[in-house]
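No hydrogens, no waters, no symmetry mates; every other heavy atom, side chains included, goes into these values. Numbers restart at 1 for each chain; the letters A, B, ... are given by sequence-line order, proteins then strands. These numbers were taken from a predicted model, which means no experiment stands behind them.
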Protein chains: 4
Amino acid sequence: MGDIEEAATVLTRILEAAAEEFGRVGFSGAKVEAIARRAGVNKAGLYYHVGNKEKLYEAVLLRLFAQVAGTLEEAVAQGGDPGQALGALARAMAGLFARLPMLPRIMALEMASGGAHMPAAALAEFRRIFTVTRDILARGVADGSLRPAEPVFVHLALVGTLIVYSLSEPLRRRFADAARDLGLSLDLPLAGVADFLAETMGRGLASEPPACPPCAAAFLEEADHEDA
Amino acid sequence: MGDIEEAATVLTRILEAAAEEFGRVGFSGAKVEAIARRAGVNKAGLYYHVGNKEKLYEAVLLRLFAQVAGTLEEAVAQGGDPGQALGALARAMAGLFARLPMLPRIMALEMASGGAHMPAAALAEFRRIFTVTRDILARGVADGSLRPAEPVFVHLALVGTLIVYSLSEPLRRRFADAARDLGLSLDLPLAGVADFLAETMGRGLASEPPACPPCAAAFLEEADHEDA
Amino acid sequence: MGDIEEAATVLTRILEAAAEEFGRVGFSGAKVEAIARRAGVNKAGLYYHVGNKEKLYEAVLLRLFAQVAGTLEEAVAQGGDPGQALGALARAMAGLFARLPMLPRIMALEMASGGAHMPAAALAEFRRIFTVTRDILARGVADGSLRPAEPVFVHLALVGTLIVYSLSEPLRRRFADAARDLGLSLDLPLAGVADFLAETMGRGLASEPPACPPCAAAFLEEADHEDA
Amino acid sequence: MGDIEEAATVLTRILEAAAEEFGRVGFSGAKVEAIARRAGVNKAGLYYHVGNKEKLYEAVLLRLFAQVAGTLEEAVAQGGDPGQALGALARAMAGLFARLPMLPRIMALEMASGGAHMPAAALAEFRRIFTVTRDILARGVADGSLRPAEPVFVHLALVGTLIVYSLSEPLRRRFADAARDLGLSLDLPLAGVADFLAETMGRGLASEPPACPPCAAAFLEEADHEDA
DNA sequence: AATGAATGAGGCTTCATTCAT
DNA sequence: CATGAATGAAGCCTCATTCAT
């Protein structure tokens with residue numbers, strides 16, 4: 001005992017250090033030496049535990065994606081109508097990104113690499129993640145509250161926006177002073193983006209409210225005249 | 001003759017090759033040797049023209065960002081009401097990304113690096129780019145067609161979504177077959193995303209249409225009853 | 001066992017190989033590859049131990065200068081009147097140069113480079129080295145055996161001559177045959193130079209011996225006549 | 001016309017620039033590009049004029065050594081007794097070094113390289129240079145004013161000291177402040193060294209003045225007793 | 001003669017990975 | 001398990017030199 005715990009702790013420390021390092025500088029930019037130092041283990045020790053840089057990266061991906069999928073499922077399971085669920089999704093993702101700043105970076109870098117290092121097992125996590133959005137939309141269309149829309153578009157509109165907003169933080173911060181002259185606030189918190197998305201996408205995807213009868217009648221009449 | 005032309009061509013060839021390489025594998029992943037080979041010049045020749053890897057990268061960024069700013073400005077200048085202008089913005093960006101597949105990748109990678117290699121001159125281009133969105137929104141609020149919204153949020157909702165959709169292409173393609181079982185189409189063209197954004201963000205940002213008089217009257221009456 | 005010994009040995013071997021290489025061709029002429037080969041280690045191994053070419057050079061300088069200072073102090077500590085001490089100094093230096101042929105070369109090359117790579121720590125060794133000569137001269141002036149003279153001039157007359165004589169060896173050797181026609185022996189051993197310096201500088205710096213009484217009397221008388 | 005002048009001027013400018021560069025950083029440290037820039041010609045133009053780096057270096061050496069030989073011969077030809085001639089030699093050399101600061105550096109660096117790049121023609125200049133010292137000494141022994149001594153030792157004692165003093169200037173300057181605490185003046189001008197050498201070597205090489213007769217008699221008597 | 005543009009060879013350094021203890 | 005010490009394979013960059021104009 002202790003031993004196994006210790007072993008688990010060491011592995012965890014390594015994975016966390018690696019996540020930070022990979023998120024900071026990407027796969028090719030990350031140095032095994034730096035990860036080992038950050039994790040407080042010897043370089044050779046790291047190899048003993050994880051095999052090699054590639055396997056380490058895959059383990060990091062798997063761990064993170066599982067966390068993402070779990071968090072999103074949980075957030076959506078809280079209930080609420082489909083519109084609210086989309087908002088919950090965005091807010092949950094923003095929460096994740098705030099807690100794990102390396103997460104959006106790794107997601108972006110991994111996508112940019114074309115999934116070069118994506119382990120097969122991670123695909124299963126993807127499936128879980130996409131399913132969440134798809135189910136919300138299906139529910140919304142079924143109950144008439146949402147217009148039909150491609151789930152991938154909706155999903156990436158939410159997640160993509162949050163990723164890029166997180167990613168751009170250092171740049172926005174650097175540009176913030178100069179941007180104030182333009183009347184732009186570049187340093188708003190990520191949570192604000194989630195709220196914005198919840199509101200704007202919610203409205204944008206909402207089905208038209210049924211017009212009041214007199215209006216509808218007037219509208220139809222007009223249309224008749226035009227046709228004539 | 002052709003001397004000056006040739007020289008310009010060489011630099012251009014180098015910058016294009018570099019853009020592709022940097023977009024493919026990022027700054028640290030890119031190999032100067034590969035860029036030179038791709039550009040059809042000797043490695044030393046490349047150094048003769050561009051100084052070093054870092055300067056090369058900066059030149060690439062500057063060139064691309066200038067292209068982006070120019071294209072967006074042009075697209076929006078075509079006129080149209082603010083809602084249409086946002087759509088034009090999204091479609092212009094999508095067009096750029098389709099023509100220059102390395103562009104969204106470089107943008108993402110550069111953001112991920114915290115702008116580590118961003119030349120000061122590139123900030124000026126950023127200013128132009130953000131200004132476009134800000135002006136559309138200001139116009140929309142002024143003429144009453146749009147709700148007020150943070151320009152940065154809107155801008156990144158459009159651009160971020162397009163970036164991540166582009167970025168995720170290889171991964172979506174790889175996952176496409178498996179996703180069909182889930183009822184998901186992962187391989188829709190980027191233009192579809194632009195249309196989706198134009199539609200959804202347009203609706204989401206539109207100000208409420210004034211209700212028809214009878215409805216409004218009915219609504220007010222109801223409110224009176226509730227107050228009582 | 002032997003680990004620590006071996007490790008120490010490796011560093012020592014590297015420093016010795018580097019000293020020879022730097023002495024042979026100077027800093028810019030020395031190739032890290034050659035030093036590593038000569039030391040029997042891998043190039044990367046050399047970097048593991050010493051960091052980089054510059055640090056390697058500094059370590060070499062420090063080691064050599066410490067040896068010089070130690071040897072000179074020891075030689076002079078043997079006692080003897082100031083005139084003998086200067087001779088001992090010259091002979092000790094000549095002995096060092098004979099044992100470490102790269103030493104005069106490195107000293108010359110380092111001076112020629114303006115001390116570009118001189119580590120701050122080496123200045124402390126310089127202080128020790130110069131102090132030796134200064135103390136001898138001070139002692140000689142105090143006991144009346146030596147004329148006052150600038151310590152730096154004396155020091156560099158001894159050391160500079162020995163350095164240049166050592167440095168010029170290959171050239172003298174090459175020129176030796178042709179020079180015999182001129183009645184010049186260019187291939188005399190360095191020890192001869194030390195003896196020559198001991199003798200000549202000894203005489204040159206000696207205070208006038210008190211003339212014998214009759215001579216002095218005669219001299220004074222003459223002076224009187226001249227004054228008159 | 002003009003053309004040939006111009007050509008001559010260009011070559012001269014190149015040789016001067018090269019002398020400074022080689023003196024500053026040695027053969028391997030010197031960059032053809034830097035020499036060309038300093039001489040105000042194109043790199044390819046430099047090659048057109050001088051062939052290659054090695055030939056350029058040889059031309060520089062030849063030019064400098066011829067200047068040295070000429071100056072020394074001239075200085076000594078001014079006449080004066082052998083002791084004064086040695087002083088004149090030292091002062092002439094010091095004058096040369098003051099006017100051409102790269103000269104002592106190049107001499108040292110060339111010696112350090114074992115004459116690797118020394119052109120055969122330069123040997124003839126060496127012969128002239130050494131001959132000067134040899135002749136003075138021979139004259140001094142012949143007229144009884146100087147003790148016999150190896151010409152090479154004397155020559156290098158003078159020249160070597162001046163070379164090393166010149167060479168060490170930057171280092172002495174850097175160390176000067178710290179050395180003042182030790183009672184050392186490290187920043188005395190080179191001319192002082194020449195004077196010191198003239199004085200000290202003059203005394204050191206002077207033949208013994210004949211002792212006054214009574215003293216000599218006493219001395220001989222003492223020696224007899226010791227023998228007994 | 002002069003110049004901008006190459007280019008091959010080689011040098012310094014880094015880094016993922018392994019080995020011996 | 002842990003660690004200091006290797007090592008081969010690159011990667012970035014420089015530089016002497018040449019070529020075409």
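- Between the P atom of dT14(F) and the NZ atom of K55(B) lies a distance of 9 Å, rounded to the nearest Å.
- Figure legend. dT3(F) is base-paired to dA20(E); pairs are counted as Watson-Crick or G-U wobble with both atom distances under 3.5 Å.
- For the pair K43(B) NZ and dA10(F) P, the computed distance is 13 Å after rounding to whole Å.
- Note: NZ (K31(C)) to P (dC12(E)) measures 8 Å, nearest angstrom.
- Between G29(A) and K53(C), the one whose closest nucleotide on DNA chain E sits nearer the 5' end is K53(C).
- Ring geometry for Y57(B) against F22(B) counts as perpendicular: the plane angle is over 60°, on a 0 to 90° scale with 30° as the lower cut.
- Residue A34(B) is classed as having no contact, given no heavy-atom separation below 4.0 Å to the nucleic acid.
- A30(B) comes within 4.0 angstrom of the backbone, heavy atoms only, and of no base.
- Here the P atom of nucleotide dT18(E) and the CG atom of N52(A) are 8 Å apart, to the nearest Å.
- For the pair Y47(D) OH and dA6(E) P, the interatomic distance rounds to 18 Å; values are reported in whole Å.
- A salt bridge does not link E58(A) with K55(A): every distance from a Lys NZ or Arg NE/NH1/NH2 to an Asp or Glu carboxylate oxygen is 4.0 Å or more.
- In this structure dG8(E) sits in a base pair with dC15(F), meeting the Watson-Crick or G-U test at under 3.5 Å.
- Rounded to whole Å, atom C1' of dG11(E) lies 13 Å from atom CD of E21(C).
- To the nearest angstrom, P of dA1(E) lies 15 Å from CG of N42(D).
- In this structure, the NE2 atom of H117(D) is 12 Å from the P atom of dA16(F), given to the nearest Å.
- For H49(D), a side-chain nitrogen or oxygen approaches OP1 or OP2 of dA2(E) to under 4.0 Å.
- When the side-chain nitrogen and oxygen atoms of Y48(C) are compared with OP1 and OP2 of dA6(F), none of them lie within a distance under 4.0 Å.
- Looking only at side-chain heavy atoms (C-beta outward), Y47(A) and V32(A) come within less than 4.5 Å of each other.
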